[in-house]
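In what follows, every chain begins at residue 1, and chains take the letters A, B, ... in the order their sequences are listed. If you're wondering where the values come from, they're calculated on a predicted model, not measured in any experiment.
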Protein chains: 2
Amino acid sequence: MQKQETLTKNQKIILDLIEKSDQPLKAYSILFDVKKKGINAPLQVYRALKKLVKIGKIHKIESRNAFIACKNSKCQIAKATVFSICESCEDVTEIHDHKLSEHLRDFKDNKGMKYSKYNLEFFGLCKKCV
Amino acid sequence: MQKQETLTKNQKIILDLIEKSDQPLKAYSILFDVKKKGINAPLQVYRALKKLVKIGKIHKIESRNAFIACKNSKCQIAKATVFSICESCEDVTEIHDHKLSEHLRDFKDNKGMKYSKYNLEFFGLCKKCV
DNA sequence: TAACGCTGTGTAATAATATAACATATTTAA
DNA sequence: TTAAATATGTTATATTATTACACAGCGTTA
Ligand SMILES: [Zn+2]
Ligand SMILES: [Zn+2]
Ligand SMILES: [Zn+2]
Ligand SMILES: [Zn+2]
């Protein structure tokens with residue numbers, strides 16, 4: 001369900017920037033970078049980020065307040081994200097693990113709660129940093 | 001490994017407050033509540049929170065920037081947390097599911113990364129809010 | 001004892017993250 | 001072709017979190 005063609009100007013500018021980075025970007029660093037393209041205010045950035053998160057083009061790394069592009073162009077799991085985060089170099093990688101996804105998708109607690117979404121962040125040391 | 005007896009005055013005040021609430025509290029709401037006890041500045045709160053998180057007495061709900069007490073007094077999993085969050089009433093519950101914990105503890109990605117910690121947040125609607 | 005490292009405290013200032021409110025424009029759908 | 005929904009630009013402000021500095025208490029150890 002490709003939707004990029006329906007993005008607005010600001011959304012495209014900001015998505016382009018995030019997609020060019022393989023690591024998460026913070027809102028105010030995005031703002032700094034897009035000022036030359038006429039985006040002047042935090043709110044313009046946050047609005048675009050909100051939309052891009054909503055349609056699954058990017059994800060928010062909650063523990064870092066940063067945003068990373070979803071590399072899976074057919075991402076069906078915009079609402080079911082798993083990341084690995086190196087606590088030393090801060091390298092972030094999105095994990096797509098079928099078995100894990102299944103397990104999480106099927107998880108039922110004992111409260112009868114219905115889950116529509118989850119976010120999982122693993123922390124540790126990457127190979128370079130061990 | 002009970003460590004509460006070694007907590008300092010500020011840490012105790014703040015832990016008490018958080019433990020009395022069954023729902024997550026935000027740092028500045030904590031600050032407001034403990035002003036009558038002589039804690040005047042954000043940093044005093046954040047320092048106590050940091051320590052309490054570190055020793056597993058409380059957990060941070062990353063998506064909400066809020067802090068909740070760990071109800072499991074023998075919590076071995078201060079670094080392996082799972083929460084369910086109702087997106088309507090914002091009710092938060094810590095989940096202790098043995099099978100899920102095992103699955104997450106044993107998870108290995110294909111990058112050879114060594115995980116020491118994870119945080120999982122499920123979102124949905126609780127029974128009241130469905 | 002004295003020197004040191006470690007942890008915590010108190011205070012002031014500031015940084016970083018995010019939203020409210022308002023006026024207007026554009027797109028979409030009935 | 002009106003109405004609803006979505007997006008924009010701008011200003012101001014709210015919320016969350018840290019830096020920097022001076023000092024106090026405690027245990028180790030020289
Ligand atoms: Zn993705
Ligand atoms: Zn690393
Ligand atoms: Zn816990
Ligand atoms: Zn609810």
Exercise for the section: For the pair B:Ser63 and A:Glu62, evaluate side-chain hydrogen bond (donor to acceptor under 3.5 Å, both in side chains) and give the outcome as yes or no after the intermediate values. Expected result: CA-CA 6 Å; B:Ser63 67; A:Glu62 291 288 355; 5.4 Å; no
Exercise for the section: Describe the nucleic acid contact of B:Lys60 in one word from base, sugar-phosphate, nothing, applying a heavy-atom distance below 4.0 Å. Expected result: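 Sugar-phosphate contact only.
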As a test of reading the structure: which of [options] is closest to the side chain of [X], going by heavy atoms?
| X | options | answer |
| --- | --- | --- |
| A:Thr8 | C:dA18, C:dG10, D:dT8 | D:dT8 |
| A:Asn40 | C:dG10, D:dT10, D:dA17 | D:dT10 |
| B:Leu43 | D:dA20, C:dA20, D:dT11 | D:dA20 |
| B:Lys26 | D:dT16, C:dA18, D:dA7 | D:dT16 |
| A:Phe67 | D:dG9, C:dA18, C:dG8 | C:dA18 |
| B:Tyr46 | D:dT11, D:dT18, C:dG8 | D:dT18 |

So, does [X] get its side chain near the phosphate of [N], meaning an N or O under 4.0 Å from OP1 or OP2?
| X | N | answer |
| --- | --- | --- |
| B:Asn10 | C:dG10 | yes |
| B:Lys9 | C:dT9 | no |
| B:Gln44 | C:dT9 | no |

Practice task
For B:Gly38 and for B:Lys54, find the nucleotide of DNA chain C with the closest heavy atom, then tell me which residue's nucleotide is more 5'.
Solution key: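 Nearer the 5' end of the strand: B:Lys54.
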Handout entry: 5'-most by nearest nucleotide on DNA chain C - B:Pro42 or B:Asn65
Key =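 So the residue in question is B:Pro42.
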Practice task
Check A:Tyr118, A:Phe67, A:Phe83 against A:His59 for a ring pair (Phe, Tyr, Trp, His ring centres under 6.0 Å) and give me the one that passes.
Solution key: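 Filter result, single survivor: A:Phe83.
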Practice task
Look at the side chain of B:Tyr28 and the base of D:dA14, then say whether one donor and one acceptor between them are separated by less than 3.5 Å.
Solution key: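 A donor-acceptor contact between them is absent.
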Practice task
Specify the separation, in whole Å, of atom CG of B:Leu52 and atom P of C:dG8.
Solution key: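 Going from B:Leu52 (CG) to C:dG8 (P), I get 10 Å.
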Handout entry: Residue mapping more 5' on DNA chain D - nearest nucleotide basis, B:Arg47 or B:Ala66
Key =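 Of the two residues, B:Ala66 wins.
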Problem - Min side-chain heavy-atom separation B:Val82-B:Phe122 under 4.5 Å - result: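 Yes. Closest side-chain heavy atoms under 4.5 Å.
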Problem - The single option from B:Lys127, B:Gln23, B:Lys128 passing side chain to side chain donor-acceptor pair (under 3.5 Å) against B:Asp91 - result: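 Filter result, single survivor: B:Gln23.
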